[in-house]
Amino acid sequence: MLPYVNAGLFEDVTDVWDDNGLRDGLGSAEGSMTIDGKIWGVPYT
């Protein structure tokens with residue numbers, strides 16, 4: 001994911017996580033989607 005973040009092809013979705021309480025159910029995946037303190041994805045499987 002890092003090359004896509006660095007190329008500006010992904011959008012920071014930290015606010016989506018914060019606004020929807022995603023850490024409650026998806027917290028174990030948060031670390032793999034975090035770069036420089038921002039979350040760049042939402043797992044779907």
Response to the item:
Minimal heavy-atom distance between F10 and W40, with the atoms involved, is O-CZ3, 3.5 Å
Item to complete: Can you measure from CG (N6) to CG (L2) and round to the nearest 0.5 angstrom?
Response: 4.0 Å
Practice prompt. For N20, check side-chain hydrogen bond (donor to acceptor under 3.5 Å, both in side chains) against everything at least two apart and list the hits.
Written response: none
Practice prompt. Mind checking side-chain contact (heavy atoms from CB on, under 4.5 Å) for V42 and listing every partner two or more places apart, or none if nothing turns up?
Written response: V13, W17, L22, L26
Worksheet item: For D12, which residues count as a salt bridge (Lys or Arg N to Asp or Glu O under 4.0 Å) partner, sequence neighbours excluded?
Response: none
Donor-acceptor contacts, no H, no angles, side chain residues 31-39, under 3.5 Å, sequence neighbours left out:
residue, atom, partner, partner atom, Å
S32, OG, A29, O, 2.9
T34, OG1, E30, O, 2.7

